[in-house]
Enquirer: 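Just dropping this structure here.
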Amino acid sequence: MITIQAPKTLEQLMHRMDLIAGLTIADIAEELQVKMPENLQTEKGWVGQLVEAYLGATAGNLPEPDFQHLGIELKTIPISRTGAPLETTYVCVAPLSPALGEQWRTSLVYKKLAHVLWVPIIAERSIPLKDRQIAMPFLWQMTPEQEQILKTDWGELTDLIVLGKHDEITAKLGEALQLRPKAADSSVRSAGSTEKATQRMRRQKGFIFAPVLPSRYCANNLI
DNA sequence: TGTTGATCATGT
DNA sequence: ACATGATCAACA
């Protein structure tokens, strides 16, 4: 695979955003000389990793924003031809034992969502992977109103974990953030550090961003 | 048919 | 083990 240097400045990144708009997945795979799977059934994160490589993201699988020095998180988002988001977006793990006194602004959720480069991809399931087209990427920062929603959701969901109310946690909670299972399969268990003594094994969960805040993405214009 | 819970691949 | 990247697919 061809390696792309990380963008040094925000201007460089924005320039690459302009260049990637309108390309198909096949275009990018060809440029990077990577083999493209027929579908995503066994490589669900493949497109995200392809776009990361193409734009020069550096964080790998570290729990940090993708463009570390710019503090920007890259997220691909599948959209319909009319710009409606087709999936929710994984943000980060939800600690089984949240640090005592953890605040919203110091949380990993905030760090990841503070600056997001959304890369919408027209990805209706009827469209073959190779033909799916990148729409216009855009930088997003939460507004004060949006932050209030996220902060409230994060606080309520974190409280449930802190209080050990794991049985009450479902994806129905939260307005813009959900807590959903995040594991290889439903049998995986792990212990929170405060619970190791009692051997209370719980299922790992992750914070999921329901795309209700940037509710519509440019699909047709700007390509 | 939209949502919620489950699952897959990869890297350190 | 546990973090990243997400989409799949069963079921309400």
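Chain naming here is simple, since letters A, B, ... match the order of the sequence lines and numbering starts at 1 in each.
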Enquirer: Considering just the side-chain nitrogens and oxygens of A:Ser186, establish if one lies under 4.0 Å of OP1 or OP2 belonging to B:dG5.
Expert: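 No.
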
Enquirer: With a 4.5 Å limit on heavy-atom distance, are the side chains of A:Thr158 and A:Phe207 in contact?
Expert: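 They are in contact (side-chain heavy atoms under 4.5 Å apart), so the answer is yes.
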
Enquirer: How close or far is atom P of B:dT4 from atom CG of A:Leu157, stated in whole angstroms?
Expert: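 Roughly 13 Å, once rounded to whole Å.
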
Enquirer: Is a salt bridge present between A:Glu30 and A:Lys130, judged by a nitrogen-to-oxygen distance below 4.0 Å?
Expert: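 Looking at A:Lys130 together with A:Glu30, the answer is no, because their closest N to O distance does not fall below 4.0 Å.
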
Enquirer: Give the rounded distance in Å between these two atoms: CD of A:Glu168 and P of B:dG5.
Expert: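 Interatomic distance, CD of A:Glu168 to P of B:dG5: 14 Å.
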
Enquirer: Can a donor-acceptor pair be found between the side chains of A:Arg105 and A:Gln103 at a distance below 3.5 Å?
Expert: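 No, no side-chain donor-acceptor pair sits under 3.5 Å.
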
Enquirer: When you compare the protein's N or O atoms with those of nucleotides 5-8 of chain C, which come within less than 3.5 Å of each other, and at what distance?
Expert:
unit_1: C:dG5; atom_1: OP1; unit_2: A:Asp66; atom_2: OD1; d: 3.0
unit_1: C:dG5; atom_1: OP1; unit_2: A:Asp66; atom_2: OD2; d: 3.3
unit_1: C:dG5; atom_1: OP1; unit_2: A:Glu73; atom_2: OE2; d: 2.9
unit_1: C:dG5; atom_1: N7; unit_2: A:Lys182; atom_2: NZ; d: 3.4
unit_1: C:dG5; atom_1: O6; unit_2: A:Lys182; atom_2: NZ; d: 2.3
unit_1: C:dG5; atom_1: N2; unit_2: A:Gly45; atom_2: N; d: 3.3
unit_1: C:dA6; atom_1: OP1; unit_2: A:Thr76; atom_2: N; d: 3.0
unit_1: C:dA6; atom_1: OP1; unit_2: A:Thr76; atom_2: OG1; d: 2.9
unit_1: C:dA6; atom_1: O5'; unit_2: A:Thr76; atom_2: OG1; d: 3.4
unit_1: C:dT7; atom_1: O2; unit_2: A:Lys44; atom_2: NZ; d: 3.3
unit_1: C:dC8; atom_1: OP2; unit_2: A:Arg125; atom_2: NE; d: 3.1
unit_1: C:dC8; atom_1: OP2; unit_2: A:Arg125; atom_2: NH2; d: 3.2
unit_1: C:dC8; atom_1: O4'; unit_2: A:Lys44; atom_2: NZ; d: 3.4
unit_1: C:dC8; atom_1: N4; unit_2: A:Glu87; atom_2: OE1; d: 3.4

Enquirer: I'd like to know whether A:Asn39 forms a side chain to side chain contact (heavy atoms under 4.5 Å, CB included) with A:Leu129, so could you lay out the CA-CA distance, the side-chain angles of the two residues, the decisive distance to 0.1 Å, and finally the verdict.
Expert: CA-CA 6 Å; A:Asn39 56 58; A:Leu129 176 60; 5.8 Å; no

Enquirer: Where do A:Thr89 and A:Ile208 land on the side chain to side chain contact (heavy atoms under 4.5 Å, CB included) test, with the steps shown first?
Expert: CA-CA 5 Å; A:Thr89 303; A:Ile208 308 293; 5.7 Å; no

Enquirer: Have a look at A:Arg203 and say if it touches a base, only the backbone sugar-phosphate, or nothing, with a 4.0 Å heavy-atom cut-off.
Expert: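 Answer is sugar-phosphate: A:Arg203 comes under 4.0 Å of backbone atoms only.
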
Enquirer: Can you tell me if A:His69 has over 12 outside heavy atoms packed within less than 6.0 Å of its NE2?
Expert: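 Correct, the count exceeds 12.
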
Enquirer: Under 3.5 Å, is there a donor-acceptor pair between the A:Thr88 and A:Arg180 side chains?
Expert: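 The criterion, which ignores hydrogens and geometry beyond distance, is satisfied for A:Arg180 and A:Thr88.
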
Enquirer: Using nucleotides 10-12 of chain C, report all nitrogen or oxygen pairs with the protein that are shorter than 3.5 Å.
Expert:
none

Enquirer: Where the side chain of A:Val93 is concerned, which of B:dG5, C:dC2, C:dT4 is the nearest nucleotide?
Expert: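 Of the options given, the side chain of A:Val93 lies nearest C:dT4.
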
Enquirer: Could you tell me whether the side chains of A:Thr58 and A:Gln68 share a donor-acceptor contact shorter than 3.5 Å?
Expert: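 Result is yes, a qualifying pair exists.
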
Enquirer: Just the atom pairs and distances: protein N or O near nucleotides 1-3 of chain B's N or O, under 3.5 Å.
Expert:
none

Enquirer: May I have the step-by-step check of ring-ring contact (aromatic ring centres under 6.0 Å, His included) for A:Trp154 and A:Phe209, ending in yes or no?
Expert: CA-CA 11 Å; A:Trp154 175 84; A:Phe209 185 54; over 10 Å; no

Enquirer: If you assign A:Ala183 and A:Leu173 each to the DNA chain B nucleotide with the nearest heavy atom, which residue ends up on the more 5' nucleotide?
Expert: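 Closest to the 5' end, via its nearest nucleotide, is A:Leu173.
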
Enquirer: A:Leu96 CG to C:dA1 P: how many Å, rounded?
Expert: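 Rounded to the whole Å, the gap is 14 Å.
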
Enquirer: Is there a donor-acceptor contact under 3.5 Å linking the side chains of A:Glu156 and A:Thr152?
Expert: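 No donor-acceptor contact under 3.5 Å links the two side chains.
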
Enquirer: Are A:Thr24 and A:Arg132 side-chain neighbours, meaning at least one heavy-atom pair lies under 4.5 Å?
Expert: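 With C-beta onward as the side chain, the pair stays apart.
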
